Amino acid sequence: MNNHEDVSNNMTTQHIYGDNPLINHLPPILDRKSVIKHLRGKLKFLPEQRFLPEHERIHLIAQLPYDFFQPLTKHIALEKKISVMIRQGYVSRNINNGDRQRHLHAAFQELESSDEKHYRYAAPESTATSMSVIGCSGSGKTTTMNKILRYYPQVIEHTQLGLKQIVYLKIDCPHDSSLKNLCSNFFRAVDLALGDTNFEHRFTRSRLNVNAMIQQMKIIANNYSIGLLIIDEIQHLNTKKSGGADIILNFFVTLVNVASIPIVMIGTPKANDILQEDLRSARRSAGFGSLVWEPMRNQVPTPDPSAPDQMINSEWYAFTDKLW
């Protein structure tokens, strides 16, 4: 990003979000055209490849799932939500007005025993939200998320402020895992992003319980200003090992409402057993909406040019035409 773009981005974000360094140092907010350009796969096709022998062409076909990507409406909608979630989550953690420091004080004081003689800090109200993305395996949820995240630097170093900002963390749920495993993966992801910390060893080997791990996660999240936490393959969480679906949801609600970490939960329809046990839980797991990724429907557009809905469900044709 050149200086002109940096100044333009700061003016735009300050107009919307005010003077917030955690937001102003993020890349510019993308319009629809820019989102499509960023997501679209860069597939190189050479006409002479059509005349290669069959045993060589099959290797070119095998590259399609990795190189070809046609942005659809659901991909663009996800990028918009991620863009808002990251920035909105930083609103209540502004460095300039002291909100970030108040969050840190509130997190640290929970590690101490209650003492009425000491002043107790109240953390600012969280502006973080949560969202779930549910779709069948192989529908492109993880691929799309990875493409969206590539637009953002994972770590931004604020030299003048003396702090590092982790824009996003993405962790996977191992098969048949528990909340404790998830906490350990969180610490490992932070260590990998920063490169000079050892949180996984400190908090995993010390045999802390889940509640104690959550307290450390709150401190780390606010100390390094984590902008977004993506939890993939959430259907792998074992409800019995974790104490039940309601315990799992309370875990996520605590991270969003208390630690102020925006969370995106990605999974197959099996994750509904965790995310939508009842209406109250369903609302909590979908604070910023729930995206359900269904297969594209192969419906022929209405031939009547005067029909307003003639292009409904024509994304399949846009996809196949581009692929062909």
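The structure presented is a predicted model; accordingly, all values stated were derived computationally and were not measured. Basis for what follows: all heavy atoms, side chains included, without hydrogens, waters or symmetry-related copies.
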Set of ring-ring contact (aromatic ring centres under 6.0 Å, His included) partners for Phe187, sequence neighbours left out: Phe203
Can you find a pair of side-chain heavy atoms, one from Pro53 and one from Arg57, that are under 4.5 Å apart? no
Show the nearest heavy-atom pair for residues Arg87 and Leu26, with the distance to one decimal. CG-CD1, 3.8 Å
Does either side chain, that of Thr143 or that of Asn146, offer a donor lying less than 3.5 Å from an acceptor on the other one? no
If you look only at distance, which donor and acceptor atoms sit under 3.5 Å apart when one is on a side chain in residues 133-141 and the other is two or more places apart or in another chain?
unit_1, atom_1, unit_2, atom_2, d
Ser139, OG, Cys136, O, 2.8
Lys141, NZ, Gly135, O, 3.1
Lys141, NZ, Cys136, O, 3.1

What residues, two or more places apart in sequence or in another chain, satisfy side chain to side chain contact (heavy atoms under 4.5 Å, CB included) together with Gln49? Phe45, Leu46, Leu52, Leu60
Across all chains, not counting sequence neighbours, the side chain to side chain contact (heavy atoms under 4.5 Å, CB included) partners of Val256 are Ala128, Ser130, Ile263
Residues in salt bridge (charged side-chain N to carboxylate O under 4.0 Å, His left out) with Arg188, at least two apart? Glu200
Going by the rule side chain to side chain contact (heavy atoms under 4.5 Å, CB included), which residues pair with Arg202 if we only count those two or more places apart in sequence or in a different chain? Phe199
Contacts of Asp232 that satisfy side chain to side chain contact (heavy atoms under 4.5 Å, CB included) - sequence neighbours left out: Thr142, Lys170, Asp172, Ile266
Once salt bridge (charged side-chain N to carboxylate O under 4.0 Å, His left out) is applied, what residue pairs with a partner in residues 252-262 remain, sequence neighbours excluded? none
Using the side chain to side chain donor-acceptor pair (under 3.5 Å) rule, pick out the option among Asp196, Thr159, Asn223 that qualifies with Lys164. Asp196
When the side chains of residues 235-244 are checked against the rest of the protein, which donor-acceptor pairs come out under 3.5 Å, sequence neighbours left out?
unit_1, atom_1, unit_2, atom_2, d
Gln235, OE1, Thr268, N, 3.2
Gln235, NE2, Glu233, OE1, 2.5
His236, ND1, Cys173, O, 3.0
Asn238, OD1, Lys240, N, 2.9
Asn238, OD1, Lys241, N, 3.0
Asn238, ND2, Asp176, OD1, 2.4
Lys241, NZ, Asp176, O, 3.1
Lys241, NZ, Asp176, OD2, 3.0
Ser242, OG, Leu179, N, 3.2
Ser242, OG, Asn238, O, 2.9

Residues in ring-ring contact (aromatic ring centres under 6.0 Å, His included) contact with His38, at least two apart in sequence or another chain: Tyr151
State, without any angle test, whether Glu315 and Thr73 hold a side-chain donor-acceptor pair at a distance under 3.5 Å. yes
Pairs satisfying salt bridge (charged side-chain N to carboxylate O under 4.0 Å, His left out), at least one member in residues 248-269, at least two apart: none
Considering only heavy atoms from C-beta outward, does the side chain of Thr129 approach that of Gln88 to under 4.5 Å? no
Under the rule for ring-ring contact (aromatic ring centres under 6.0 Å, His included), what residues qualify as partners of Phe251, not counting sequence neighbours? none
